[in-house]
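Here is the structure we will look at, set down as C-alpha cells.
By convention in this document, chain letters (A, B, ...) are assigned in the order of the sequence lines, proteins followed by strands, and residues within each chain are numbered from 1.
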There are 2 protein chains.
Amino acid sequence: MHGAMIRRSGVTIEDVAAAVGVSRQTVSRVLNGSPNVKPAVRERIHAAIEALGYVPNLSARRMGGGRSYVVLAINDRVRTLENWQARRGNDYVDQMLFGGMTACEAQGWHLVFELVDTDPAHARRGLANALASLRPDGVILTPPHCDNADLVALLAEHGIPCARIGHREGTSTIDVFMDEVAAAGAATRHLIALGHSRIAFIAGAANYGSSALRIAGYRAALAEAGISDALVGDGDFHFETAERVIAALLAQGDPPTAVIADNDEMAFAALHIASARGLRVPEDLAVVSFEDTPGVRFAVPPLTAIRQPVAEMIASACSSLIALVEGGGAPARHEIPFELICRASTGQDQR
Amino acid sequence: MHGAMIRRSGVTIEDVAAAVGVSRQTVSRVLNGSPNVKPAVRERIHAAIEALGYVPNLSARRMGGGRSYVVLAINDRVRTLENWQARRGNDYVDQMLFGGMTACEAQGWHLVFELVDTDPAHARRGLANALASLRPDGVILTPPHCDNADLVALLAEHGIPCARIGHREGTSTIDVFMDEVAAAGAATRHLIALGHSRIAFIAGAANYGSSALRIAGYRAALAEAGISDALVGDGDFHFETAERVIAALLAQGDPPTAVIADNDEMAFAALHIASARGLRVPEDLAVVSFEDTPGVRFAVPPLTAIRQPVAEMIASACSSLIALVEGGGAPARHEIPFELICRASTGQDQR
DNA sequence: CTCAAAATTGTGATCGTTCACAAACGAGCC
DNA sequence: GGCTCGTTTGTGAACGATCACAATTTTGAG
C-alpha cells in the first residue's frame, strides 16, 4: 500500500502540526503555554488537538529534557497486608490517593506511588532507584520518611522539590502539617467543657513526632483549666496494648471519666472495655479519638474525633509542588486546619 | 576542566557500557535477559550495574519502543472524599495499592493509578487519554469499569492486555474474581449450622453483579437445608437504608434471628439496631458481613465476615499481566479463594 | 517609507533506550 | 584447512517530545 506507514502508536505532535500547517515547535509552544504564538494560530492548534484527540506522550516529554509532569509519593514499605493496614489507619492511603490524584489531575499532572523501606540504609537506595527510573518533577515524603534528613538531602542533590507531610521544621522543603498541639487542646477543652476533670490521654508512640505534640497540647489545655493531674498512658496504636493501658488507668483509685486516644483503633479499645465492664458511654466514660476513619461513625456509640485532613494535606502538597515547578518561587509551609467532630461518644447526637 | 561534560541526569547505560568496555546494546541485552551474552561478560556487566548504581530510565525505555514496565489501574472517579470512601469500602484502595505495588515491584514493574469517569461517554475518552500519555503495557479495570465492554474494546484496539477485577465472563481478558455464590453459601451454611433458620440477607444493590450472585448463593444454601423462607432486604450499601430495611424485617411476625449484610457498613447498622433494642448479639441476633475491613475486628462484638481478598486479586491481576507481556501465552481466569472469618457476632471468641 | 526591535515561526540536536540489521567470532564437520 | 552455521557483539536509526538557536514576519517610531 503506497505511502502507508506503520504507526507504532497514536497521534503525535507532528500530526497536529501537519494538520494545522505549522511546525512541531509551534504546537509544543501552545502545549506549554508559551505567550509568543499568534492568537489565531493558537486557536487552530487547539482545535486540531481536540479534533485529533491528541495527548502528549509523557515519556517523550521527559526525554525531551522538559518536565515529567509526575509527582512521586513515597510511602513506607511493609511486608504484610496486616501491617500495611495497621500502619497509620487504613484510610490514610485511600485519602492520599483521592486528594493527590484529584489535585494532580486538575493540572494535567500524574501521581505515582512508590514503596520505600524505612530502614535508613535501604531508604536512600530505594529513593535513588525510584528517582532514576521515574525522574519525577517533585516528591512527597509521608511519615515516617518525612523525618529522614538523608532523603531530603538526596532530593536536594538532584534538585527535585520535596514536600513533607506531617513535618513542620523544613526550610528547603514544602511542609504540610496540621496543628497537633491545638488539635489535642481542642479535644481536651471539649471534654473539660462537658464537665470532665479526670481525662486520660492514650499516646500512640513516644518516638512519633505527632504523639509528643499532642501530649503537649493535652497538658497545656489541662493546665489552662487548672487541672493538675495529667493521665498519660503509653500505647502503641494497637488495640490490645491500649486495652491493657486503659484497664490499668481505670483500676486506679481515682479513675478517669474521659479518654482521648491517639488513633481510632485505641479508641475502639476504650469502647470495648466500657462495654465489657458495663460502663455507659458517654455517661460513665467519654471517648475522643484522633483520626476519624469512616468506621467511627458506625461505632456503638459513634465516636467523637479529631479529623486528620489527610486528603487536603496531600492535595496541598501536590498543588504546591506543581506551582513550585511551574511558577518558580520558594517552598512555603502550609498548615491545614483540623476539625473536631462531635458525636455520641461525648454526648452529641449526630453521626 | 578538560573533557568534563555537564550531565543532565544520572548514570546511563552508556556509562555502564564504557565501564565494562562493551557497547550499549550488550548492556541492554543483559538488562532484558537476552540469552546470547557470554556468561563472563554478563557477570562483569552485572557487577558494573551494581557498582555504578545504574537503574534504567523508564521514559527512555518506553521511547526506545520497548516496554513501559507500567501497569495502569483504572478506578472510578468521584467528586468528593465522602463518596470516594463510601465507594466500595474504604480499604479497597488501600488493599489495591498494597497488593498491586508489591506484585509489580517484585518484577521490577510499576503500578500507576488513574481516575476515570464512570459515565460511558467520558469513560472511553478518559481511558484513551491515559493510554496516550502513559502508554502502559497492561491495564487493570476495577468495578464498575470492569463491566464496560467499550473500554475492553478500546484496549483490544490498542493491543494492550487487560485484567478485570470482579468479572468472570471474559475470554480476551484476564478475569480475576472470587466465587460470590460459594461465599454467600458458606456464610449461610455457617448460620444454619449454628441452628438458625430465619436468616435475612441485606442486599447492596440489585444492579451490582456481585449482589445478585450472593443472593443466589444464599438462596441455594437455604434450599439445600430445606428452608423455604428467603428474607431478602433491599439495601444500598449505606447505613441509614440498611437500618430501615433491617427494622422492617424485625417487625415481622416471625422475625429473623440472623442477618447477612452485603457489606460492612450495613452490618454495622444491624449491630446498631440490636444495641438500640436491647437484642444481644449473637444470642438474639447473629450478624455476618461481606467485606471484612479492618474495623470489623473492633466492633462490639467483633463481626464474623467473608473476607474480600482484594489485595490478592490485584496482585494476581498484576502478575498475570506481567507474565502475559513478558512470556506471551493467553489470558486466563483466576478464581481467588474467599475466607469466612468467624468472630463473636456469630458466637466465636477470636478477634 | 525605512529600519531596528519585537514578536512569531522553524530547524537541527538531544534525551536514553531498544530495534533492525550487519559484522565478527567460535565451534564442528568433512 | 576451509567452510558453514550458530553465537556473540556492535552500529545507525528510531521513538516523540523539548531546547537552543536561527530565520522570518510583524510592529512601530522617525
Side-chain angles (χ1 to χ4, degrees), chain A residues 5-45 49 52 54-70 108 110 131-135 137 325-326, chain B residues 5-45 49 52-70 108 131-135 137 325-326:
Chain A
M5 275 181 21
I6 290 161
R7 294 305 288 267
R8 206 160 68 176
S9 57
V11 182
T12 74
I13 198 172
E14 294 280 8
D15 297 325
V16 176
V20 178
V22 294
S23 71
R24 50 186 151 76
Q25 186 57 28
T26 300
V27 178
S28 176
R29 280 193 260 266
V30 170
L31 289 174
N32 293 288
S34 158
N36 293 331
V37 177
K38 240 185 201 159
V41 175
R42 178 189 305 275
E43 200 59 40
R44 281 192 295 145
I45 290 177
I49 288 173
L52 296 173
Y54 168 72
V55 179
N57 179 322
L58 222 53
S59 300
R61 284 189 130 171
R62 173 65 243 187
M63 285 307 294
R67 301 200 264 275
S68 65
Y69 297 90
V70 164
H110 298 262
L131 295 182
S133 90
L134 293 168
R135 309 280 162 150
D137 288 335
V325 171
E326 303 213 313
Chain B
M5 276 180 23
I6 290 161
R7 297 304 288 267
R8 205 161 69 177
S9 56
V11 182
T12 74
I13 199 171
E14 295 278 8
D15 297 324
V16 176
V20 177
V22 295
S23 72
R24 53 184 149 77
Q25 186 58 27
T26 300
V27 178
S28 176
R29 286 193 184 93
V30 169
L31 289 174
N32 292 288
S34 159
N36 295 332
V37 177
K38 243 186 201 159
V41 175
R42 179 189 305 275
E43 201 59 38
R44 282 193 294 146
I45 290 175
I49 287 173
L52 297 173
Y54 167 72
V55 178
N57 179 323
L58 221 53
S59 300
R61 284 189 129 173
R62 173 66 243 184
M63 286 306 294
R67 300 201 262 276
S68 65
Y69 297 90
V70 164
L131 295 182
S133 89
L134 294 168
R135 308 278 164 150
D137 288 334
V325 171
E326 303 213 312

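One can place CD1 of B:Ile13 at 6 Å from C1' of C:dT17, the figure rounded to the nearest angstrom. When rounded to the nearest whole Å, the span between CG of A:Leu58 and C1' of D:dT18 equals 13 Å. If you measure from atom CG of A:Leu134 to atom C1' of C:dG16, you get 15 Å, rounded to the nearest angstrom.
In the set D:dT11, C:dG10, C:dT18, the nucleotide with an atom closest to the side chain of A:Ser23 is C:dG10. For B:Gln25, the side-chain atoms get nearest to D:dT11 when compared with the rest of D:dC19, D:dT11, C:dT17. Here the nucleotide nearest the side chain of B:Thr12, chosen from D:dA17, D:dT7, C:dT17, is C:dT17.
Residue B:Asn57 places none of its side-chain N or O atoms closer than 4.0 Å to OP1 or OP2 of C:dC15.
Rounded to 10°, the helix from C:dC1-D:dG30 to C:dC30-D:dG1 has 40° between the axis fitted to its first five pairs and the one fitted to its last five.
In this structure, A:Arg67 reaches neither bases nor backbone, as no heavy-atom distance under 4.0 Å exists between it and the strands shown. No engagement by A:Tyr69 is indicated, since no non-hydrogen atom pair under 4.0 Å with the nucleic acid exists.
Scanning all heavy atoms of the two residues, the minimum distance from A:Arg62 to B:Ser59 falls at CG-OG, 3.2 Å.
Put simply, the side chain of A:Arg24 and the base of D:dT18 share a donor and an acceptor less than 3.5 Å apart. Contact annotation: side chain of B:Arg29 to base of D:dT8, donor-acceptor pair absent below 3.5 Å.
Under the salt bridge (Lys or Arg N to Asp or Glu O under 4.0 Å) criterion, A:Arg67 pairs with A:Glu326, sequence neighbours left out.
For B:Lys38 and A:Ser59, each mapped to the nucleotide of DNA chain D holding its nearest heavy atom, the one lying further toward the 5' end belongs to B:Lys38.
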Do any side-chain atoms of residues 32-40 of chain A form donor-acceptor pairs under 3.5 angstrom with protein atoms, and if so which ones, sequence neighbours left out?
residue: A:Asn32; atom: OD1; partner: A:Tyr69; partner atom: OH; Å: 3.1
residue: A:Asn32; atom: ND2; partner: A:Ser28; partner atom: O; Å: 2.8
residue: A:Asn32; atom: ND2; partner: A:Ser28; partner atom: OG; Å: 3.4
residue: A:Ser34; atom: OG; partner: A:Asn36; partner atom: N; Å: 3.4

